[in-house]
Amino acid sequence: MERFREVRGTKDLRPGEIERWHYLEKIVRTVMDRYGYLEIRTPMFESTELFSRSIGSDTDIVQKEMYTFPDRKGRSLTLRPEGTASVARSYLQHNMGRGKAVTKLYYMGPMFRYERPQKGRFRQFHQFGTEAIGSPAAWYDTETISVFYEILDAAGLGPLTVRLGSVGDPGCRPAYTSLLKEYLRARSDELCGNCKERMEKNPLRVLDCKNRSCGGAIESAPSLLDHLCEPCTAHLGEVRSTLEKGGIPFELDRSLVRGLDYYSRTVFEIHHDELGAQSALGGGGRYDGLLEDLGGPPTPGVGFSAGMERIITVAESLEIEWDGGDEPMIYVAPVEETAAGDVFPLVRRLRRRWKTEGVREVRNLKTVLKRASRAGAGIVLLLGAGGALTVKRMDTGDETGVSVDHLEEEVEDLRKAIAARRSEERDS
RNA sequence: GUGGGUGUAGCUCAGCUGGUAGAGCCCCAGACUGUGGAUCUGGUGGUCGCGGGUUCGAUCCCCGUCACUCACCCCA
């Protein structure tokens with residue numbers, strides 16, 4: 001019979017790999033906490049309209065990448081393709097901004113997009129991110145970039161490139177878009193086939209083309225940054241100077257484009273040079289019109305989202321050492337059949353304080369030690385006839401008899417000795 | 001949705017213009033008659049992705065199909 005396997009674009013995270021995820025999750029939570037962001041967990045599916053309204057019905061995500069399905073009552077639901085829409089919805093639904101200047105939230109969890117999988121891209125993938133809702137101040141744009149940068153830095157990634165740009169606001173962007181369209185039409189014979197097509201539909205995307213043939217036209221194209229209105233220019237200037245003062249390196253990207261429609265003013269991405277085609281570890285920006293579009297009062301906001309698979313991929317290729325739990329394990333085994341029944345109560349007792357494994361079968365000593373060693377034991381406890389206890393240190397091979405009454409003390413001493421020896425080895 | 005690459009043991013992979021399969025790792029046992037990680041020896045384990053075709057005979061050649069993978073589009 002044919003066996004089941006993972007659905008295309010999904011992946012089991014098994015022991016051996018999950019430890020990296022735990023480690024990354026821990027870093028995320030620690031840094032988020034220091035920055036004052038509180039966790040929010042929204043449902044993994046929402047009403048389809050929430051996403052089409054917020055992300056933009058002309059985007060690729062909405063047009064062809066959503067997992068949309070009717071429930072049993074015929075309502076159209078969609079597995080969330082990103083996190084911001086859900087958080088914004090929840091913020092409005094629960095009036096979270098009441099009495100607060102700004103609400104700072106973070107999330108972490110799976111997202112779903114129906115795309116052809118490749119390196120760093122899956123149909124179920126995981127993101128973490130923040131949303132700071134309620135303030136138009138550039139301070140929060142900077143803080144958003146800072147918390148993201150800090151997490152990547154704490155995870156040991158680097159060198160990192162922060163790309164910063166601005167997409168203007170509803171006041172200045174339309175004028176620029178038609179200007180750009182005009183320019184591209186005039187030089188359309190220099191553009192690649194793809195760009196000729198998207199020139200009309202989404203001219204900003206052309207600036208993002210990696211095709212060399214388009215390079216000339218793109219380079220001398222008018223930049224949005226030169227056509228921003230006065231308030232947008234001032235806002236960008238403040239983000240830049242604050243980043244500089246804070247010591248966060250960044251590059252001004254004159255052609256930065258993002259895939260969602262709701263952005264206004266600040267947009268940014270953080271890239272790592274060692275990744276392949278999908279070098280963006282994450283990105284974000286300001287979305288001052290989004291909450292109003294969702295039926296709320298005019299409420300500014302800014303946030304980012306980061307791809308956890310991509311971060312882990314980079315960390316693996318850099319061979320970063322992740323802090324694994326290498327607590328020495330205690331392995332309990334009987335060496336006489338009469339002692340076999342004592343294993344379970346002893347293991348229970350030890351497990352109140354330490355990581356412990358036990359076996360009931362009596363095997364010859366060679367086998368016991370081999371299995372203990374392979375299981376990663378730091379200490380082996382051998383149970384003999386008449387309650388005799390032998391404690392063996394696996395790193396040095398030393399062993400001593402010990403009475404049951406003083407077992408915990410002996411184990412504690414051994415653990416200290418083992419830890420001391422380890423740190424000595426590390427230092428030398 | 002479009003292209004390229006790859007499907008052989010649990011894992012990583014060999015397999016010569018076609019003669020129905022091998023190595024390393026892992027696991028088990030022994031050498032070491034009660035003291036682990038090393039070494040050596042032996043053993044378990046495979047419908048060669050699936051279906052058709054050519055052939056006396058196909059893991060190898062041809063067609064189809066599925067899966068994985070990389071890239072395009074787009075994005076995290």
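In what follows, chains carry the letters A, B, and so on, assigned in the order in which the sequence lines appear, proteins first and then strands, with residues in each chain numbered from 1. Just so it is clear, the model here is predicted, and its values are computed rather than measured. Below, each value reflects all heavy atoms present in this structure, side chains not excepted, and no hydrogens, waters or symmetry copies.
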(request) Ignoring backbone atoms, establish whether A:Arg393 has a side-chain N or O less than 4.0 Å from OP1 or OP2 of B:U35. (result) no
(message) If the cut-off is 4.0 Å, is A:Arg116 near the phosphate of B:C73, judged by side-chain N/O to OP1 or OP2?
(response) no
With the side chain of [X] defined as its heavy atoms from C-beta on, choose the nearest nucleotide among [options].
X	options	answer
A:Ser373	B:A71, B:C73, B:G37	B:G37
A:Glu336	B:A29, B:C72, B:G34	B:G34
A:Leu365	B:A76, B:G34, B:C32	B:G34
A:Val335	B:C32, B:G34, B:U69	B:G34
A:Lys392	B:A29, B:C74, B:G36	B:G36
A:Leu369	B:C68, B:C73, B:U35	B:U35
A:Gln127	B:C68, B:G36, B:A76	B:A76
A:Lys119	B:C28, B:C70, B:C73	B:C70
A:Glu399	B:C72, B:G36, B:U35	B:U35
A:Arg8	B:G36, B:U35, B:U69	B:U69

Less than 4.0 angstrom from a charged side-chain N to a carboxylate O is my criterion; do [X] and [Y] meet it?
X	Y	value
A:Glu412	A:Arg353	yes
A:Arg121	A:Glu115	yes
A:Glu131	A:Lys104	no
A:Lys11	A:Glu17	yes

(request) For A:Lys370 and for A:Glu65, find the nucleotide of RNA chain B with the closest heavy atom, then tell me which residue's nucleotide is more 5'. (result) A:Lys370
(request) Nearest-nucleotide wise, let me know which of A:Thr390 and A:Ile61 is further upstream toward the 5' end of RNA chain B. (result) A:Thr390
For the residue pair [Y] / [X], report whether a side-chain donor-acceptor contact shorter than 3.5 Å exists.
X	Y	value
A:Asn364	A:Thr367	yes
A:Thr396	A:Asp398	yes
A:Tyr183	A:Ser220	yes

Which value, in whole Å, describes the distance between the [atom1] atoms of nucleotides [N] and [M]?
N	M	atom1	result
B:G51	B:C70	P	28 Å
B:C11	B:C27	C1'	12 Å
B:C25	B:U17	C1'	34 Å
B:U12	B:C26	C1'	11 Å
B:C56	B:C50	P	24 Å
B:G22	B:A9	P	14 Å
B:U20	B:A58	C1'	8 Å
B:C13	B:G46	C1'	14 Å

Rounding to an integer number of Å, can you tell me how far [X] [atom1] sits from [N] [atom2]?
X	N	atom1	atom2	result
A:Arg121	B:A71	CZ	P	9 Å
A:Lys366	B:A29	NZ	C1'	10 Å
A:Ile312	B:A76	CD1	C1'	13 Å
A:Glu6	B:C68	CD	P	9 Å
A:Ile330	B:G36	CD1	P	22 Å
A:Trp21	B:A76	CH2	C1'	11 Å
A:Arg371	B:A29	CZ	C1'	11 Å
A:Arg363	B:G30	CZ	C1'	14 Å

In the structure shown, which nucleotide is the Watson-Crick or G-U wobble counterpart of [N], with both distances under 3.5 Å?
N	result
B:U6	B:A67
B:G1	B:C72
B:C28	B:G42

(request) Taking the six-membered ring of A:Phe45 (Phe, Tyr or Trp), confirm whether the NZ or CZ of A:Arg80 is under 6.0 Å from its centre and within 45° of its axis. (result) no
Looking for any heavy atom pair under 4.0 Å, which part of the strands does [X] touch: base, sugar-phosphate only, or nothing?
X	result
A:Glu269	nothing
A:Gly397	base
A:Arg374	sugar-phosphate
A:Asp60	sugar-phosphate

